[in-house]
Peer 1: 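Let me begin by handing over the structure; questions about it come next.
To find a chain, count down the sequence lines: A is the first, B the second, and so on, and within it residues start at 1.
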2 protein chains.
Amino acid sequence: MDGMTQDISTKDQRPYHHGDLHRTIVEAALDVLSESQSTEFSLRELARRAGVSHNAPYKHFTDKRELLGAVSAVGFELLAKRMAEATRELDSPRERLAAMASAYVCGGVNNPALYRLMFGGYLAGQDDGRPAIERTAAYNMKALVVEAISDGALGRPIADTEANTRTIDGAILVFWSQMHGLTLLLADRLVGPGDKTKELTANVLQGMLDGLVNSIPAVPEGVWVGPPLAG
Amino acid sequence: MDGMTQDISTKDQRPYHHGDLHRTIVEAALDVLSESQSTEFSLRELARRAGVSHNAPYKHFTDKRELLGAVSAVGFELLAKRMAEATRELDSPRERLAAMASAYVCGGVNNPALYRLMFGGYLAGQDDGRPAIERTAAYNMKALVVEAISDGALGRPIADTEANTRTIDGAILVFWSQMHGLTLLLADRLVGPGDKTKELTANVLQGMLDGLVNSIPAVPEGVWVGPPLAG
DNA sequence: CGAGATATGTTGACATTGTCCACTCTAGCA
DNA sequence: TGCTAGAGTGGACAATGTCAACATATCTCG
């Protein structure tokens, strides 16, 4: 009797229904992506890791694309969270902005494949665009930067008003593209070594902020900075 | 008789040996990459396009990786050529630098998949590194920028000497990462619209150059800017 | 000039993958 | 209690990267 029940309980430990396969698959994908630093893993591999049949994931994602979209969204949330945390206990707006930049670059350098998945147009299919969750996360990140700027990170406060949109977007364009480029050059080892990341980021950033204090490039009308609002 | 010979001549028009399959395959890859904007095409598709058996490409490339490396190298050469051409008939070093930047960004935006292949660490395998031809092309590009800087693009001439290495590398780091980031944000439509590319590039660039005229961030010792010399 | 040797191409095979379809199980609601 | 819809399973299929064995053209050297 004991034997039988134990047999059942050990063999059949995994119930027919997994419980939260969606989350499990996304986490497995994040793991594999981080380990292999490549998006060329197979859905079947994830299924294997999750201990389910090769087709189970298709009940939660219509596509490999969709799965990668979910992974990307998690990446945005992680990055935004780190940026937000990095500014805790910092008062000076400029220091807050610098801390965010540092967190941003380090996040990207520490997991290039994830960063590339997030920004590298894997889902740049001209048809549908990116998942809403991605756009939301990206806007949250932008909001953090806008806040620091409006608080005076560029020398003087710049209120986050309609009238200042072009100015703020100009500043963010410079800031973002500089950090984005630095992140990717470091991640791809076109600039290095990696253990100088923080130092390089700080140096480049200070020069850039000084430049922005002096003058902020104009952004032409009709330009957007951040994911487009309309699909 | 006529029929037979014609049959033979038309059917057997393609000799057993292709002639220059290597080049043909690379060009086909460039075509497919440019059209599909994805590196996920198949070697077999290229073979089909070249009118050759599915395994013929393997006589010229050990790997899909190696093929993509060759494509990337061509991309570097194309980009360097465009940058060089853009500076023709321009005298002012600053104008030359601006023209190069514009050519660089436009090149990337016009073919994002190729640009991403070149810089996006598809061949960042921690083992072997990038093909020599790629590194050479990247250094040629860097040389163009160095020349403009030493000619005085940043307000005063900065001789390309050992003593100035850190200064020049600092300037190039700022310049390159800014343009790299801008290119990718535009390519991935995180900034747009695309038809404002030149305007945006010019504005961002002028601000950046003004900043560099005032002060060039120091680059810590041991930092490299450009592909590492040692594998 | 003629015969290996050497590239270069071809055919066939295999494991793996994304994805479709038909089926089964199980939980929850009527 | 029994049905239904969601969740998981197994099999099938075409496509792909890559290996191995074979075929053919070109080169080389006697």
Peer 1: Under a 4.0 Å heavy-atom cut-off, which of residues 35-42 of chain A touch DNA chain C?
Peer 2: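 Those residues are A:Phe41, A:Ser42.
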Peer 1: Sequence neighbours excluded, which residues qualify as side-chain hydrogen bond (donor to acceptor under 3.5 Å, both in side chains) partners of B:Asn110?
Peer 2: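 None.
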Peer 1: Can you name the salt bridge (Lys or Arg N to Asp or Glu O under 4.0 Å) partners of A:Glu45, sequence neighbours left out?
Peer 2: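 Per chain and number, A:Glu45 pairs via salt bridge (Lys or Arg N to Asp or Glu O under 4.0 Å) with A:Arg48, A:Arg49.
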Peer 1: Quick one: closest heavy-atom pair of B:Gly170 and B:Val219, and the distance?
Peer 2: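 Between these two residues, the closest heavy atoms are CA-CG2, 3.2 Å.
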Peer 1: CD of A:Glu45 versus C1' of C:dT16: gap in Å, rounded?
Peer 2: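 Going from CD in A:Glu45 over to C1' in C:dT16 covers 12 Å.
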Peer 1: Taking salt bridge (Lys or Arg N to Asp or Glu O under 4.0 Å) as the test, write out the residues that go with A:Asp31, two or more places apart.
Peer 2: none
Peer 1: Whole angstrom is fine here: how far is it from NE2 in B:His60 over to P in C:dT10?
Peer 2: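 So the two atoms are 10 Å apart, to the nearest Å.
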Peer 1: Starting at CZ of A:Arg65 and ending at P of C:dT19, how long is that distance when rounded to a whole Å?
Peer 2: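 Interatomic distance, CZ of A:Arg65 to P of C:dT19: 10 Å.
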Peer 1: Output a table of nitrogen or oxygen pairs between the protein and nucleotides 11-13 of chain D separated by less than 3.5 Å.
Peer 2:
| residue | atom | partner | partner atom | Å |
| --- | --- | --- | --- | --- |
| D:dG11 | O6 | A:His54 | NE2 | 3.0 |
| D:dG11 | O6 | A:Asn55 | ND2 | 2.8 |

Peer 1: Let me check something: any side-chain donor-acceptor pairs from residues 179-186 of chain B under 3.5 Å, sequence neighbours excluded? List them with distances.
Peer 2:
| residue | atom | partner | partner atom | Å |
| --- | --- | --- | --- | --- |
| B:His180 | ND1 | B:Tyr115 | OH | 2.6 |
| B:Thr183 | OG1 | B:Met179 | O | 2.6 |

Peer 1: For A:Asp63, enumerate each residue passing the salt bridge (Lys or Arg N to Asp or Glu O under 4.0 Å) test, keeping only those at least two apart in sequence or located in another chain.
Peer 2: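 Testing A:Asp63 for salt bridge (Lys or Arg N to Asp or Glu O under 4.0 Å), a comparison that skips the adjacent residues, returns none.
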Peer 1: Output all residues satisfying side-chain hydrogen bond (donor to acceptor under 3.5 Å, both in side chains) with A:Ser34, sequence neighbours left out; order by chain, then residue number.
Peer 2: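 A:Ser34: side-chain hydrogen bond (donor to acceptor under 3.5 Å, both in side chains) contacts with A:Asn111.
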Peer 1: Which of residues 21-30 of chain A sit near DNA chain D, with a heavy atom under 4.0 Å from it?
Peer 2: A:Leu21
Peer 1: Rounded to whole angstroms, how far apart are CG on B:Leu43 and P on C:dG9?
Peer 2: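 B:Leu43 atom CG is separated from C:dG9 atom P by 15 Å.
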Peer 1: Quick one: salt bridge (Lys or Arg N to Asp or Glu O under 4.0 Å) partners of B:Lys142, sequence neighbours excluded?
Peer 2: B:Asp169
Peer 1: How far does CG of B:Leu90 sit from CZ of B:Arg88, to the nearest 0.5 angstrom?
Peer 2: 11.0 Å
Peer 1: For B:Tyr58 and C:dT11, give me the distance from atom OH to atom C1', rounded to whole Å.
Peer 2: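 Roughly 15 Å, once rounded to whole Å.
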Peer 1: In whole Å, what is the span from the CG atom of B:Leu67 to the C1' atom of D:dT16?
Peer 2: 14 Å
Peer 1: Taking ring-ring contact (aromatic ring centres under 6.0 Å, His included) as the test, write out the residues that go with B:Tyr58, two or more places apart.
Peer 2: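 With neighbours one apart ignored, the set is empty.
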Peer 1: Grab the CZ-P distance between A:Arg48 and D:dG8 for me, whole Å please.
Peer 2: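 In whole Å, D:dG8 P lies 18 Å from A:Arg48 CZ.
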Peer 1: Sequence neighbours left out, what passes ring-ring contact (aromatic ring centres under 6.0 Å, His included) with B:Phe76? Give chain and number order.
Peer 2: B:Phe119
Peer 1: Send over the distance from B:Lys59 NZ to C:dG9 P, rounded to a whole Å.
Peer 2: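 For the pair B:Lys59 NZ and C:dG9 P, the rounded distance is 9 Å.
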Peer 1: If you go through the side-chain atoms of B:Lys64, does one of them form a donor-acceptor pair with the base of D:dG17 closer than 3.5 Å?
Peer 2: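 In this structure, the two groups form no donor-acceptor pair.
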